Number of protein chains: 2
Amino acid sequence: MKKPRPVEPSALRLENQLCFALYTASRALTRAYQPLLAPLGLTYPQYIVMLVLWEGDGLSVSQLGARLALDSGTLTPLLKRLEDNGIVERRRDANDERVVRLFLTASGRALHGRALSIPGELACRAGYEPDAAGLKSLNRLREALEALTRRLDDASTGRGCEADDP
Amino acid sequence: MKKPRPVEPSALRLENQLCFALYTASRALTRAYQPLLAPLGLTYPQYIVMLVLWEGDGLSVSQLGARLALDSGTLTPLLKRLEDNGIVERRRDANDERVVRLFLTASGRALHGRALSIPGELACRAGYEPDAAGLKSLNRLREALEALTRRLDDASTGRGCEADDP
DNA sequence: CGATAACATATTGCGCGCAACTAAATAGCG
DNA sequence: CGCTATTTAGTTGCGCGCAATATGTTATCG
């Protein structure tokens with residue numbers, strides 16, 4: 001009979017945890033964005049939604065949700081707030097009354113210009129040189145995070161891990 | 001007079017955004033942890049708190065908050081829930097009635113054993129080899145995130161960026 | 001000692017995320 | 001056609017994060 005392999009107690013030390021680094025970095029980024037987004041009247045998740053709509057509007061709530069990995073429980077109230085603020089319009093599709101299509105209003109489109117400088121401003125505040133190898137390192141970090149996300153989503157979908165004997 | 005330097009419209013494309021990759025990866029990680037933590041009766045932020053307390057209890061709410069970059073608005077209700085679940089005890093410091101010190105109960109300590117295998121299990125589910133160079137790449141990712149967090153916190157503390165002329 | 005400032009935690013309010021469930025519309029099938 | 005299954009949003013409930021504020025405690029200064 002096999003004993004479950006022993007686990008080092010240090011496995012749970014906070015500073016060893018990728019999970020904690022990721023959790024903290026994500027919150028730090030949201031905090032850093034907040035003062036830049038406040039003048040536009042946007043929260044950070046609202047800004048993420050606007051990034052998609054600025055690329056092209058008219059998509060449905062579920063298409064937006066697929067892009068962002070968010071469901072209607074999050075998006076519906078968020079989009080209603082954007083609509084209340086006059087930035088977004090929600091219209092039922094005439095051919096399929098189930099789907100709600102999302103459109104930018106004039107002021108929603110106008111926000112795009114004011115948002116353009118935000119990523120650069122944030123990178124600058126964080127001390128990244130705009131043209132240096134720092135850009136390359138940011139890209140590598142982004143790719144590593146995307147790879148991690150893919151693996152984690154697979155892990156959530158699948159169940160368990162292979163045991164000792166196949 | 002200098003024009004503000006033009007910004008590429010692609011600056012706002014979603015797939016170019018480190019911020020989106022980080023936001024998505026953080027949520028994916030929380031989702032991946034959730035089925036492993038549910039048997040312990042812990043949410044992901046509660047697990048992060050327990051990681052600190054397992055390293056040593058008796059610390060104050062503000063010390064815990066400094067470690068996690070969380071304030072009492074988040075921690076107080078979270079800790080009350082842990083106390084209601086019989087995992088943590090909150091005691092006012094006898095020498096300073098302002099501070100609340102946090103202690104593990106017996107069942108809180110007992111949870112530690114059940115939690116030890118979680119990081120490895122998750123790494124395995126995500127397809128990382130436990131002893132391969134994959135471990136090294138996870139460490140590099142963690143260090144990159146920690147460096148980013150430090151820079152972002154500096155950016156949040158400080159104000160603005162240097163202009164074109166010093 | 002008494003007033004006041006500084007400090008530690010608690011409370012309130014709001015906006016996510018997400019699970020679970022509901023409601024309405026369409027698709028598909030006998 | 002009628003009935004069920006599927007699809008799409010919306011709703012509810014709960015637990016964060018975090019800003020703003022309140023409450024109670026200790027320190028400081030005259």
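Predicted model, so just to flag it, every value in this text is computed and none were measured. Below, chain A is the first sequence line, B the second, and so on; all start at residue 1.
With rounding to whole Å, A:Asp96 atom CG is found 11 Å from D:dA9 atom C1'. Atom CG in A:Leu102 sits about 13 Å away from atom C1' in D:dT8, given to the nearest Å. Taking atom CG on B:Leu75 and atom P on D:dC18, their separation rounds to 10 Å, with Å as the unit. Look at CG on B:Asp93: it is 14 Å from C1' on C:dC7, rounded to the nearest Å. Remark: C1' of C:dA10 and CG of B:Leu79 are 12 Å apart, rounded to the nearest angstrom.
For B:Gln63, the side chain to side chain contact (heavy atoms under 4.5 Å, CB included) partners at least two apart in sequence or on another chain are B:Leu59, B:Ser60, B:Arg101. Taking B:Thr30 as the reference, B:Tyr44 meet the side chain to side chain contact (heavy atoms under 4.5 Å, CB included) condition, with sequence neighbours excluded.
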Which letters describe nucleotides 12-24 of chain C, given B = protein heavy atom under 4.0 Å from base, S = only from sugar-phosphate, - = neither?
---SSBBB-----
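In this model, the phosphate group of C:dA10 is approached by a side-chain N or O of B:Arg90 to a distance below 4.0 Å at OP1 or OP2. For the OP1/OP2 pair of C:dT9 and a distance below 4.0 Å, the side-chain nitrogens and oxygens of B:Arg91 include no atom meeting the criterion. Residue A:Ser60 has a polar side-chain atom (N or O) positioned under 4.0 Å from OP1 or OP2 of D:dA9.
For the atom pair CD (B:Gln46) and CG (B:Leu40), the distance works out to 11.0 Å, reported to the nearest 0.5 Å.
Ion pair A:Arg90/A:Glu83 flagged as a salt bridge, since at least one NZ, NE, NH1 or NH2 atom sits closer than 4.0 Å to an Asp/Glu carboxylate oxygen. A:Arg67 and A:Glu55 are joined by a salt bridge, as a carboxylate oxygen and a charged side-chain nitrogen come within less than 4.0 angstrom of each other. Under the 4.0 Å criterion applied to side-chain N and carboxylate O atoms, A:Arg31 and B:Asp153 are assigned as salt-bridge partners.
Closest to the side chain of B:Val99, out of C:dA8, D:dG10, C:dA10, is C:dA8.
Backbone-only contact: A:Arg92 has heavy atoms under 4.0 Å from sugar-phosphate atoms and none from a base.
Taking every heavy atom of both residues into account, A:Ala28 and B:Thr149 meet most closely at CB-CG2, 4.0 Å.
Nearest-nucleotide assignment on DNA chain D puts the 5′-proximal partner with A:Val100, out of B:Glu97 and A:Val100.
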